[in-house]
Amino acid sequence: MNSPTNHPANQSVVTRFAPSPTGQLHIGGARTALFAWAYAKKHAGQFILRIEDTDQTRSTPQATCNIIEGLQWLGLDWQAGPDPQQPLEKQLGDTGPYFQSQRLDTYRQYIQQLIDMGRAYKCFKTPDELNAARQQAKSEKRAYKYDSTESRNLTPDQIAECESAGKPSVIRFRMPDADVTFHDAVFGDVTVKSSELEDFIIQKTDGFPTFHLAVTIDDATMGVTHVIRGQDHLYNTPKHVALLDALGLTRPDYAHLPLIFNSDGSKMSKRDKAKTARAAAKAQNIQSVDDATGVSSDDLSAFLNKKTDDINIAFAIADTLKLTLPEIDVEDFRRSGYLPDVLLGYISQLGWSHGHPTERYGLDYIVEKFALADINKSNAKFDRDKLAKFNTEAITALPPDEFRELWKAHCARYEPAYLEKLDDAAFALLATSYQERSRTLQEPCDNGQFFIIADDAIEYDAKAVKKFMAKNDGEGFTMLRTLRPALEALDDFTAAPIHALIERTSTEQAVGMGKIAQPLRVAMTGSSVSPPIDQTLAILGKPTVLARIDRCLNVLAETAESNA
RNA sequence: GCCCCGUUCGUCUAGUGGCCCAGGACACCGCCUUCUCACGGCGGCGACACGAGUUCAAAUCUCGUACGGGGUACCA
């Protein structure tokens, strides 16, 4: 099958990612950015980051920063757009500015050109009138379509009259009375019938262009050769193509990507986090969250009553309940401890496949293999298990010092207590212990809390105590009493000598390693889980080990043994 | 409602008329390893949505049905 293109082979590729700055970088957006970036990279072209902030009510500078930070973390760099090293006003590239709010003059110029050509006109219909017509059509079970006859035929006098009366107007594009066909790299030739097309708005009453006008003009004036975006834009494309044709501008090549959904088929949206937090809070019937989160009980009840989906409240609940919210934005995945290359490798497989001799790969491999022809048509569901597995493998394969540095950076950003409480040597030992048993960079933080809390803050898990300590007349306590002097006498308190000591004890007492390791675990962690016990003791250090044995014996032994 | 698109194991996918009673990966199950939790090794379960048609031959082509998705905004 041939793949028609509107661009000569020797023209260099220009792609772009054009998010609207209304929050964090969404995982779906990240994949769109990845594909556009990879295509440009593969063809030694240019990748543009353009900020689509024409919706004045929803756009924020903070959101732009979030998106920039997310892209940078992923390692997707752009040659034109906001300069990530500079304040937001500074921009890279020579086809800018790259904020749509700074391109209003350009849009006006093209809109005026369309008006002058008779291809655009003012329309004084109000949203209310339009809605009424829509409702009317619906109640008559009829397909609604904007009726252009009245506004198209307004005389100059009538227009002047409306304007002097102060009636607000929009500008609409006069859609040609013909079917529109365009080529899409994923869907092939797409034709939309004339009857499905209407005179759409290109300039709002506030004087801002609509998305359709802005995106079309920007892509054309920035020299974008390949528009790679989500499938939700497929049926916007006839509008863009018609605009381009009217203006005599070259059509870019299009590729519309399948969408990404949750495993239950719902859209991956930021509201999933609120939903999950709310459901957990209701299930456990909590009345308040940790004071440290700064969320009041009023905030909480507003959230529980669905008055707000405030993400900060959702996180406060998650913190209080030790709950992981579903990852939706790139920042969520970063916080959960996924490696950027793994995340990218995984999401690249959602809707794109090249025959996979392997499925574990990173950015370089994607660039090497990427082709628009290998993009699928059908939507994909996001599978966190698979992502987690890939992440585990990548973490395990890391050189130990590299893992330590990555984990350190993660702690600095999300769990500073580890860096404050542990010296370099202890941190390094802990990193080594956890590397092979961690799915994410966050997991050792969650599982290793007992390494950084005070000796008297250990909470003993009742089941673990019963099973490993109190059972058989408190054999666990007996073992601890046996071990204590031997451990105290150990001069070189590192993993190897500790291991030797435990093995010797095992032989002398004629018991399995488990009979020794598990009571120690309970004393050290309060639970039955930790890294190998010799490493655990070495990292904790002799004073802490002895203190925790003593505490376990003093606090726990009496009550447990009397209850036994 | 209307217009379009899609549909291979639970999930992501390989597959472009004979190589496929359908291959890989994740999940799941079992065994091995084991001081706990993990990691790891080996094995197993498991799909062409349904119905017609074309053909010597169909997961692959055609039609219909069902289901899923997108669009139908002065949001992008």
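Letters A, B, ... are given to chains in the order of the sequence lines, protein chains preceding strands, and every chain is numbered from 1.
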Query raised in the report: When rounded to the nearest Å, what value does the distance between C1' atoms of B:C19 and B:C28 take?
Result: 31 Å
Report task. Taking only the side-chain heavy atoms of A:Met513 (C-beta and beyond), determine which of B:C39, B:A27, B:C35 contains the nearest atom. Result -> B:C35
Query - Proximal nucleotide (of B:A14, B:G1, B:C26) relative to the A:Ser353 side chain - result: B:A14
Requested in this report: Grab the CG-C1' distance between A:Asn262 and B:G10 for me, whole Å please.
Outcome: 16 Å
Report task. Tell me whether the OP1 or OP2 atom of B:U7 has a side-chain N or O from A:Asn376 closer than 4.0 Å. Result -> no
Query raised in the report: Which of parallel (below 30°), tilted (30 to 60°) and perpendicular (above 60°) describes A:Phe370 and A:Trp352?
Result: tilted
Requested in this report: Kindly check if the number of other-residue, nucleotide or ligand heavy atoms within 6.0 Å of CZ (A:Arg360) is above 12?
Outcome: yes
Query raised in the report: For the base of B:C35, is there a side-chain donor-acceptor partner from A:Arg521 under 3.5 Å away?
Result: yes
Query raised in the report: Which nucleotide sits closest to the side chain of A:Arg360: B:A25, B:G6, B:C12?
Result: B:A25
Requested in this report: Could you tell me which residues satisfy side-chain hydrogen bond (donor to acceptor under 3.5 Å, both in side chains) with A:Asp534, sequence neighbours excluded, listed by chain and number?
Outcome: A:His499
Requested in this report: May I have all residue pairs that pass salt bridge (charged side-chain N to carboxylate O under 4.0 Å, His left out) and include part of residues 172-183 of chain A, sequence neighbours excluded?
Outcome: none
Query raised in the report: Quick one: is the NZ or CZ of A:Lys381 closer than 6.0 Å to the six-membered ring centre of A:Phe261, and within 45° of its axis?
Result: no
Requested in this report: Report the residue (A:Ala517 or A:Asp374) whose heavy-atom-nearest nucleotide on RNA chain B is the more 5′ of the two.
Outcome: A:Asp374
Requested in this report: Kindly assign one of parallel, tilted or perpendicular to the pair A:Phe382 and A:Phe333, based on the angle between their ring planes and the thresholds 30° and 60°.
Outcome: tilted
**Report entry** Same-atom distance (P) from B:G10 to B:G46, integer angstrom
**Finding:** 11 Å
Query - Nearest-neighbour nucleotide for the A:Ile533 side chain, B:C35, B:U11, B:A25 considered - result: B:C35
Query raised in the report: So, does the side chain of A:Arg437 form a donor-acceptor pair with the base of B:C37 at under 3.5 Å?
Result: yes
Query raised in the report: Considering only B:G40, B:U36, B:U7, which nucleotide approaches the side chain of A:Pro532 most closely?
Result: B:U36
Report summary line: A correct 5'-to-3' footprint of nucleotides 66-76 of chain B, with B, S and - meaning base, sugar-phosphate only and no protein heavy atom under 4.0 Å, is ---SSS-SBSB
Report summary line: Side-chain contact check for A:Ala380: nearest option of B:C5, B:U13, B:U36 is B:U13
